[in-house]
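Structure first, then comments.
Counting convention: from 1, in listed order, for ligands and their atoms alike. Side-chain atoms are counted along with the backbone in the values below, which use heavy atoms only and exclude waters and symmetry mates.
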Amino acid sequence: MSRFFSSRNAAVEPYTPGEQPRDMQYIKLNTNESPYPPSPKAAAMAAEAAARLQLYSDPQCRDLNAAAAAHFAVGTDELLFTNGSDEILDYAVRAFCGPERGMVCPDITYSFYPVLAAVHRIRYTEIPLTKDFRIRLEDYRGVKGMVLLANPNAPTGIALSRAALEDFIAEDPERLVLVDEAYVDFGGESCLPLIRQYDNLIVTQTFSKSRSMAGARLGVGFAAKELIADMNAIKYSSNPYNVNSMTMAAGIGALLDGEYTRSCIAKIVDTREVFVEKLREMGYDVLPSSTNFVFAKSPRLGGQELYRKLRERGILVRHFETPRLRDYNRITIGTPGQMDALLAALRILEKTEEGK
Ligand code: PMP
């Protein structure tokens with residue numbers, strides 16, 4: 001740290017992204033990326049846009065907004081595109097949290113949330129998950145602040161129903177609820193249809209997962225137009241050209257190619273179901289996943305040990321060394337071939353352990 005780093009940042013502990021090693025070719029199942037390339041239409045439209053990079057991108061994202069409004073059946077004033085969904089989360093925290101409103105999140109969730117709270121010096125309240133890693137909405141009753149829930153949650157993969165969330169959102173119109181739907185396309189129920197009815201709801205989604213565009217950085221928030229206007233005020237006060245023109249074009253291409261997205265999702269969900277079944281046959285404890293990853297615990301090997309041994313064999317998964325998570329690993333669903341390679345490695349490791 002330099003001597004100029006402001007004391008304002010004293011509480012900041014930066015987010016640690018999943019590792020992206022370059023020492024060898026890994027089977028990369030650690031950052032919940034799609035194993036499939038983006039839609040050819042998205043790639044072609046991004047390439048076309050690259051020829052006009054001398055121009056600024058459209059700060060209003062008009063073409064992308066129009067395509068998304070039609071696709072998601074919302075108004076163009078009910079959505080806001082950002083540089084990945086991390087950025088819409090940042091805008092929401094900056095727009096709505098402060099001395100009068102803190103953040104309230106599960107104790108086990110996307111680890112970027114507490115980082116946002118720290119960097120913006122927002123009070124952060126953690127509500128423990130149940131023993132079986134579920135969010136119990138009753139536990140959030142009466143807690144003051146913006147409730148931020150990943151649904152499905154990460155790294156557990158477990159989803160809440162839309163009906164349960166709607167009851168919670170309806171219960172207190174003065175409580176703001178942000179539902180982070182980064183993984184919703186793999187089996188969750190979206191709260192997007194509720195934004196017209198509830199002006200205390202924000203829904204965020206990403207193009208990083210189901211649309212295979214993690215490297216393009218495209219996220220989106222949906223909410224009543226007053227909330228979107230507030231978040232736009234933050235955008236225009238920090239990063240007016242937040243979405244670059246290649247990404248905007250790719251986003252339009254992806255939305256026009258819904259068939260491609262659906263086929264990728266179907267392949268990933270099918271692969272997940274087969275993989276989960278095989279893991280359970282091997283005695284693994286696997287949480288019920290509505291996402292493109294599974295959270296699993298070996299019957300014999302510790303989480304850290306399994307992570308390390310897989311890494312030695314060229315397979316990367318994500319390990320969290322915290323008391324409640326350390327027995328598990330989060331495994332992204334790759335291609336069927338990648339999952340077979342992982343299963344083969346796991347069988348060898350389990351056998352070696354059994355023979356000890
Ligand atoms: N929400 C959750 C729950 C996530 O796991 C992630 C990243 N993996 C994000 C949001 C942010 O994704 P992105 O910025 O790529 O849209």
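Atom 6 (C) of ligand 1 has Y110 CZ, 3.4 Å as its closest protein atom, hydrogens excluded (heavy atom only). For atom 15 (O) of ligand 1, the closest non-hydrogen atom of the protein is S208 OG, 2.6 Å. Looking only at heavy atoms of the protein, atom 14 (O) of ligand 1 is closest to R217 NH2, 2.7 Å. Of the protein's heavy atoms, D86 OD1, 3.1 Å lies nearest to atom 11 (C) of ligand 1.
When only interatomic distances are considered, the shortest N/O to N/O separation between T31 and ligand 1 does not fall below 3.5 Å. For ligand 1, one of its N or O atoms has an N or O atom of D180 under 3.5 Å away.
Under 4.0 Å is where a charged nitrogen must lie from a carboxylate oxygen, and between E171 and R141 at least one such pair does. A salt bridge is absent between K225 and E78; no separation between the charged side-chain nitrogens and carboxylate oxygens falls under 4.0 Å. A salt bridge does not link E277 with R280: none of the charged nitrogens is closer than 4.0 Å to a carboxylate oxygen. A salt bridge links E19 with R311: the distance from a Lys NZ or Arg NE/NH1/NH2 to an Asp or Glu carboxylate oxygen falls below 4.0 Å.
Between Y56 and Y241, the ring planes are parallel. Angles under 30° get that label, and only those over 60° would be called perpendicular. The aromatic rings of Y328 and F295 lie parallel to each other, their planes meeting at an angle below 30°, with 60° marking the opposite boundary.
Closest approach of F186 and V269 over heavy atoms only: O-CG2, 3.8 Å.
Remark: aromatic rings of Y113 and Y124 are distant, center separation not under 6.0 Å.
If you look at Y183 next to ligand 1, the close heavy atoms, those under 4.0 Å, all belong to the side chain. Here K209 has side-chain heavy atoms under 4.0 Å from ligand 1, and that is the only part of it that gets that close. Counting heavy atoms closer than 4.0 Å to ligand 1, residue S85 contributes atoms from both its backbone and its side chain.
Of all the atoms in ligand 1, the ones that sit under 4.0 Å from a non-hydrogen atom of T206 are 13 (P), 15 (O), 16 (O). Atoms of ligand 1 lying under 4.0 Å from any heavy atom of A182, numbered from 1 in the order shown and given with element: 1 (N), 2 (C), 10 (C). In the vicinity of G84, heavy-atom distances shorter than 4.0 Å reach the ligand 1 atoms 14 (O), 16 (O).
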